[in-house]
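Reading through the structure tokens given below for one structure.
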Amino acid sequence: MTSTTRPPDTSGRPTGPKPAARRRTRSQARTALAFLAPALLALLVLRLLPAGLAVVDSLRHHSLVDGVTRFVGLDNYGDLFGDPQFWQSVRVTLLFSVIVNPLQVLCALGLAVLFNRRFTGTRFWRSLVFAPIAVPPAVSAVIFGILYRPEGPLNALLGVFGLPSQPFLTSPTQALYALIVLMSWVGVGYWMTFLIAGLQDIPQDTYDAAMDGANAWQRFVHVTLPLLRRPLAFVLVADTVSNFLVFAPVQLLTGGGPEGSTNLLMYDVFRRAYSVGDIHYAQAEVVLLVALTLAVVAVQYRLMQGKGEE
């Protein structure tokens, strides 16, 4: 009588998970999904669904004559591309980003390196630099609005040194830079905390073994910066997105002026939606703003990506 018993597999290949292991894997997957469900639902409701509605609304136009909303396809985008005010807003936004992003990241990096060292009062000074992020942007804008007044503290300080008063927010050539100072004061301390965390993840043994006898600058350039690449990339990308969405200081201090010199894209979206009253036109600008932000972030991420990470 021939035996039907299957000989054991001696090839060393896995024979597949056992039923108990499969059940355990499915149970773990269901548990993970249950914990992730609220976050996924929030992502869908608060991010993906509004984004989809914005794209759909950007393809429509509401007529004030007959009150009818019609599908117009890409006409809103065509009108935007032919609008000089839109292109001025794009130029202002890009100029703002080109200046404020490197400024904030470099200041945050310098402060992170400084406060990562041990000296008396380190925690106090860290907290002091971080404090502005705890203040709402609108409150910070009001504070700087007082500082920038013609009769405000800054001009009084300039007068002490015999310098003439400056127009600041009322000057087309100074208003944007005044906003850059404000946003840097708000954001530098926040980004500093991420870089301090990255610096503290670098083992001291790495410095000792990598360049014995090197000076502080050589250690910073050849050891610290390469090992800080990931935190720096995150800070640069997050800072870029944050600065593309600046709105409250512009609304409270300049209203996009003078002469459109501070008319950032986010404020221009608000103006078109609520001052002009064309919500669908504004939605088209929102879509273009998101596309511009993603393009700039993609370039930044590509430039910051190390060869070893590709």
Side-chain angles (χ1 to χ4, degrees), residues 93-135 137 140 144 147 154 157 176-246 249 292-310:
T93 302
L94 291 177
L95 176 62
F96 177 79
S97 298
V98 165
I99 297 174
V100 75
N101 293 337
L103 177 63
Q104 289 188 5
V105 173
L106 289 175
C107 289
L109 178 60
L111 290 172
V113 173
L114 174 63
F115 292 138
N116 191 49
R117 299 178 178 179
R118 297 182 181 274
F119 58 88
T120 304
T122 303
R123 293 185 178 181
F124 169 76
W125 290 109
R126 284 184 191 174
S127 301
L128 195 63
V129 174
F130 180 78
I133 195 62
V135 180
S140 298
F144 270 77
L147 293 175
L154 287 182
L157 182 63
L176 185 65
Y177 299 100
L179 288 179
I180 289 173
V181 172
L182 163 59
M183 296 312 302
S184 298
W185 182 78
V186 172
V188 164
Y190 181 69
W191 305 121
M192 177 195 71
T193 58
F194 291 95
L195 297 179
I196 287 177
L199 289 171
Q200 292 179 346
D201 282 341
I202 302 176
Q204 183 61 37
D205 296 343
T206 306
Y207 291 101
D208 298 335
M211 298 186 68
D212 187 21
N215 59 39
W217 176 251
Q218 290 173 327
R219 289 155 64 93
F220 175 75
V221 171
H222 297 288
V223 179
T224 302
L225 281 182
L227 295 178
L228 202 61
R229 182 182 295 274
R230 286 181 180 273
L232 272 174
F234 167 78
V235 166
L236 180 59
V237 169
D239 186 39
T240 299
V241 174
S242 175
N243 286 319
F244 266 111
L245 303 180
V246 170
L292 177 63
T293 304
L294 292 177
V296 172
V297 166
V299 172
Q300 289 178 337
Y301 180 77
R302 184 64 179 175
L303 293 176
M304 291 293 293
Q305 190 179 40
K307 296 181 178 180
E309 299 173 359
E310 295 177 355

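All values below come from the heavy atoms of this structure, side chains included, with hydrogens, waters and symmetry mates left out. Position 1 is the first residue of the sequence, and the numbers go up from there.
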Next item on the list: Measure across Val235 and Val105 and return the closest heavy-atom pair with its distance rounded to 0.1 Å.
Entry: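 Closest approach of Val235 to Val105, heavy atoms only: CG1-CG2, 4.1 Å.
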Next item on the list: Would you name the heavy atoms of Met192 and Arg126 that are closest together and state the gap between them?
Entry: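 Scanning both residues completely, I find the closest heavy atoms to be CE-O, 4.0 Å.
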Margin query: Using the side chain to side chain donor-acceptor pair (under 3.5 Å) criterion, which residues pair with Ser97? Sequence neighbours excluded.
Written below: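 Expected list: none.
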Just distance, no hydrogens or angles: give the donor-acceptor pairs under 3.5 Å from side chains in residues 110-119, sequence neighbours left out.
none

Note to self: So, applying side-chain contact (heavy atoms from CB on, under 4.5 Å) with Leu227, which one of Leu225, Thr224, Val223 is it?
What the structure shows: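 Only match with Leu227 under side-chain contact (heavy atoms from CB on, under 4.5 Å): Val223.
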Supply the atom-to-atom distance [X] [atom1] to [Y] [atom2], rounded to the nearest 0.5 angstrom.
X	Y	atom1	atom2	result
Phe244	Thr293	CZ	OG1	5.0 Å
Met183	Asp239	CE	CG	9.0 Å
Asn243	Ile99	CG	CD1	11.5 Å
Leu195	Leu228	CG	CG	5.5 Å

Margin query: Heavy-atom count check: over 12 atoms from other residues, nucleotides or ligands less than 6.0 Å from Tyr177 OH?
Written below: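 Counting other residues, nucleotides and ligands, OH of Tyr177 stays at 12 neighbours or fewer.
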Is the closest side-chain heavy-atom distance between [X] and [Y] below 4.5 Å?
X	Y	value
Ser140	Leu182	yes
Phe96	Asn101	no
Phe220	Leu109	yes
Thr93	Val246	no
Leu236	Val297	no

Next item on the list: Could I get the full list of ring pair (Phe, Tyr, Trp, His ring centres under 6.0 Å) partners for Tyr190, not counting sequence neighbours?
Entry: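 For Tyr190, the residues satisfying ring pair (Phe, Tyr, Trp, His ring centres under 6.0 Å) (neighbours in sequence not counted) are Phe194.
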